[in-house]
Amino acid sequence: MTIPLQAAKPFANEPFVDFGIEENRKAMEAAIAKVKAELGREYPLRIGGRQVMTEDKIVSVNPGDLGEIVGLVSKADRALAEEAMQAALRTFESWKKVPAAERAQYLFKAAELMRKRKHDFSATMILEAGKNYAEADADTAEAIDFMEFYGREMIRLSRINETLPLTKAAGEDNRLEYIPLGVGIVIPPWNFPLAICVGMTTAAIVAGNTVLLKPASATPVVAHKFALLMEEAGLPPGVINFIPGSGAEVGDYLTSHPKTRFVSFTGSKEVGLHISRLAAETAPGQIWIKRLVAEMGGKDGIVVDETADLDAAAQAIVVSAFGYQGQKCSAGSRAFIVESVYDEVVAKVVERTKRLAVGLPEKNFSVGPVIDRSAYEKILGYIEIGKTEGKLLAGGGAAPGNGYYIEPTVFADVPGKARIMQEEIFGPVLAIGKAKDWREAIDLYNDTEFGLTGSFFSTDEDRIAEASDIMHCGNLYVNRKCTGALVGAHPFGGFNMSGTDSKAGGRDYLLLFTQAKAISRKK
Ligand code: NAP
Ligand code: MG
């Protein structure tokens with residue numbers, strides 16, 4: 001097998017752009033102007049190489065400026081979803097025979113093209129998802145990382161018999177092959193509208209599957225750009241079938257479909273559990289157990305003891321709570337601080353929070369809008385609940401602007417069982433609780449149905465060792481923020497109601513989209 005040249009280079013994370021440098025800022029402004037010139041365009045579905053414009057459209061609105069329509073995206077109904085399923089089934093028969101290294105080549109090519117047009121993708125997210133420059137740039141960088149990483153991973157898996165041979169058995173040649181599953185449904189969320197969409201889709205296809213990609217309805221325009229990019233990279237038609245549509249209508253139909261082999265979902269606990277129930281049913285004619293990869297919500301937190309660097313801890317709490325308006329599954333929406341340094345850390349957190357400026361993403365304010373009206377109302381509702389559960393120290397309501405702006409809000413003295421300590425709010429709301437010592441702080445941290453990310457701030461080595469053992473989450477960080485997982489460095493996924501712990505961006509991930517076949521031949 002010829003290994004693509006790119007794969008000879010070891011994987012390295014795409015560097016982040018420094019927008020403190022004038023030239024970089026200008027380049028992003030130019031990209032935003034370019035995307036603005038495309039506002040209000042109409043986009044088709046892309047099914048087996050066919051572009052389908054539908055009457056009914058998803059209207060993608062800029063959450064930071066409600067007068068701006070980012071795009072009108074065609075919407076699949078059940079008949080079009082079925083057409084896409086048939087295209088994916090047909091294409092699977094040829095795609096599964098394409099050698100792994102060749103499949104990887106499409107990912108490397110797409111990564112190269114995306115790298116060249118980085119700001120174009122980021123600018124689209126600034127307008128469609130309300131990200132500031134650095135958040136959008138990190139999203140694009142992660143998308144590139146996923147393609148570079150999964151391409152290499154597939155090549156590694158395809159060579160497993162050379163690198164990790166099976167135990168020798170007398171008189172036999174034994175080998176293991178990772179073969180694809182079939183047609184998968186890929187359902188990403190809107191909050192990393194490029195990175196997660198690209199990661200979930202390309203992992204599935206590089207493993208030899210074909211997919212139906214149903215992007216989140218809040219961010220279909222950037223997802224369309226990705227679908228187009230894969231075509232440009234030369235990916236055969238029908239490998240990725242792009243079918244935006246209503247989760248409830250198209251989603252349920254496809255999850256229940258007898259030919260669906262797997263569902264790869266990232267989103268809320270509620271929808272994840274719904275899909276899990278539906279996918280567990282066996283439809284007439286179905287001859288397998290559907291595989292489900294479900295990455296769901298979080299109620300992540302940061303624990304600070306009295307030996308910690310308190311400035312660093314306060315900074316990490318603020319960045320983790322309010323980065324992208326708290327709309328990350330990894331957002332640090334809780335902080336637990338030991339009594340002896342509680343007042344000091346809370347004061348530092350409040351002071352830093354009050355300095356955060358809220359405003360238009362395209363002007364690169366630290367804090368932008370939340371994604372849509374229903375999120376806006378839900379978050380403001382939780383802020384009202386918070387006012388009865390804790391002490392309001394910063395924010396506390398809507399912020400001005402022609403969009404879904406909410407003030408970064410801090411509640412202190414919040415009891416562990418309070419709703420704002422237990423339920424995922426997915427907005428700029430931080431709940432702080434007081435603990436008598438570091439062990440109690442960890443108990444409070446662990447008292448959740450979720451288990452995605454957490455941070456422990458301390459300088460005491462024994463405590464760090466123990467916290468590493470007992471803080472129950474898929475991604476634990478020590479003396480740093482609890483957001484910002486890097487592909488390759490921090491395989492990502494959570495415990496309990498945070499999902500199936502798929503470890504995206506890690507070396508176990510592609511196995512979820514394959515089945516292993518052992519072949520034993522008598523000599
Ligand atoms: P969501 O409401 O659950 O939606 C996620 C996706 O599911 C969207 O594409 C949505 O489509 C679709 N969907 C809705 N109903 C469906 C159904 N019945 N069948 C199939 N698909 C359906 O979540 P979200 O608001 O987009 O994202 C925020 C959530 O994602 C948070 O809970 C966050 O913690 C979680 N998240 C987790 C991770 C992780 O790695 N663990 C990463 C990022 C986000 P529509 O848009 O058309 O409704
Ligand atoms: Mg929108």
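Heavy atoms only: backbone and side chains are in, while hydrogens, waters and symmetry mates are out. Every number for a ligand or one of its atoms is a count from 1 in the order of the listing. Keep in mind the model is a prediction, meaning the values are calculated, not measured.
- The number of heavy-atom neighbours closer than 6.0 Å to CD1 of I289, taken from other residues, nucleotides and ligands shown, is 12 or below.
- Within a 4.0 Å radius of atom 13 (N) of ligand 1, the protein has at least one heavy atom.
- Of all the listed residues (P220, A485, G247), G247 holds the heavy atom that lies closest to atom 19 (N) of ligand 1.
- Taken from OG in S60 to CD in E68, the straight-line distance is 10.5 Å, to the nearest 0.5 Å.
- Shown in contact with I187 at under 4.0 Å from a heavy atom are these atoms of ligand 1, numbered in order with element: 6 (C), 7 (O), 9 (O), 12 (C), 20 (C), 21 (N).
- By the criterion of a heavy-atom distance under 4.0 Å, the side chain of L452, and not its backbone, is placed next to ligand 1.
- Counting heavy atoms closer than 4.0 Å to ligand 1, residue I196 contributes side-chain atoms (C-beta onward) but none from N, CA, C or O.
- Interface atoms of ligand 1 facing D252, defined by a heavy-atom separation under 4.0 Å, are 17 (C), 18 (N), 19 (N).
- At the top of the distance list for atom 47 (O) of ligand 1, counting protein heavy atoms only, stands S217 OG, 2.5 Å.
- The existence of a salt bridge linking E14 and R115 is confirmed by a sub-4.0 Å separation between a basic side-chain nitrogen and an acidic carboxylate oxygen.
- Using a 4.0 Å heavy-atom cutoff, G245 is listed among the residues neighbouring ligand 1.
- Summary of contacts: the protein heavy atom closest to atom 39 (C) of ligand 1 is C329 SG, 3.4 Å.
- Of the candidates L89, L181, I287, N209, R261 forms a side chain to side chain contact (heavy atoms under 4.5 Å, CB included) with just one, namely L181.
- Here the closest heavy-atom approach between residue L229 and residue A110 is recorded as CD2-O, 3.6 Å.
- Distance from atom 11 (O) of ligand 1 to its nearest protein heavy atom, with residue and atom name: K214 NZ, 3.0 Å.
- Ring-plane geometry between F336 and Y445 is classed as perpendicular, the angle between the planes exceeding 60 degrees on a 0 to 90 degree scale with a lower cut at 30.
- Ligand 1 has at least one atom lying under 4.0 Å from a heavy atom of W190.
- In this structure, P188 counts as a contact residue of ligand 1, since one of its heavy atoms falls inside 4.0 Å of the ligand.
- Residue F192 does not touch ligand 1, judged by heavy-atom distances below 4.0 Å.
- The aromatic rings of F495 and H472 sit tilted, their planes meeting at an angle between 30° and 60°.
- Heavy atoms of I275 found under 4.0 angstrom from ligand 1 belong exclusively to the side chain.
- Minimum interatomic distance between G493 and K503 (heavy atoms only, all atoms of both residues): O-NZ, 2.8 Å.
- Looking at Y106, F11, Y509 one by one, the single match for ring pair (Phe, Tyr, Trp, His ring centres under 6.0 Å) with Y150 turns out to be Y509.
- The protein atom (non-hydrogen) at minimum distance from atom 41 (N) of ligand 1 is M296 O, 2.7 Å.
- For ligand 1, the atoms sitting less than 4.0 Å from at least one non-hydrogen atom of H274 are 18 (N), numbered in the order shown with element in parentheses.
- Side chain of T260 to main chain of L254: a donor-acceptor pair is present (N/O by atom type, distance under 3.5 Å, no hydrogens or angles).
- When M200, E424, K503 are checked for heavy-atom proximity to atom 32 (O) of ligand 1, E424 turns out nearest.
- Looking only at protein heavy atoms, the nearest one to atom 44 (C) of ligand 1 is N191 OD1, 3.3 Å.
- The nearest heavy-atom contact from the protein to atom 28 (C) of ligand 1 is F426 CE2, 3.5 Å.
- Ranked by closest heavy atom to atom 1 (P) of ligand 1, the top entry among S498, P189, S268 is S268.
- Looking only at heavy atoms of the protein, atom 35 (C) of ligand 1 is closest to G267 O, 3.1 Å.
- Formation of a donor-acceptor pair under 3.5 Å by the S74 side chain with backbone atoms of T54 is found in this model.
- Of all the atoms in ligand 1, the ones that sit under 4.0 Å from a non-hydrogen atom of T266 are 5 (C), 37 (C), 38 (C), 39 (C), 40 (O), 42 (C), 43 (C).
- The line from CG of N13 to CD1 of I144 is 11.0 Å long, rounded to the nearest 0.5 Å.
- Among all protein heavy atoms, the one lying closest to atom 40 (O) of ligand 1 is F492 CE2, 3.5 Å.
- Under 4.0 Å is where a charged nitrogen must lie from a carboxylate oxygen, and between K417 and D447 at least one such pair does.
- Between D77 and K75, none of the side-chain N atoms (NZ, or NE/NH1/NH2) sits under 4.0 Å from a carboxylate O, so this pair counts as no salt bridge.
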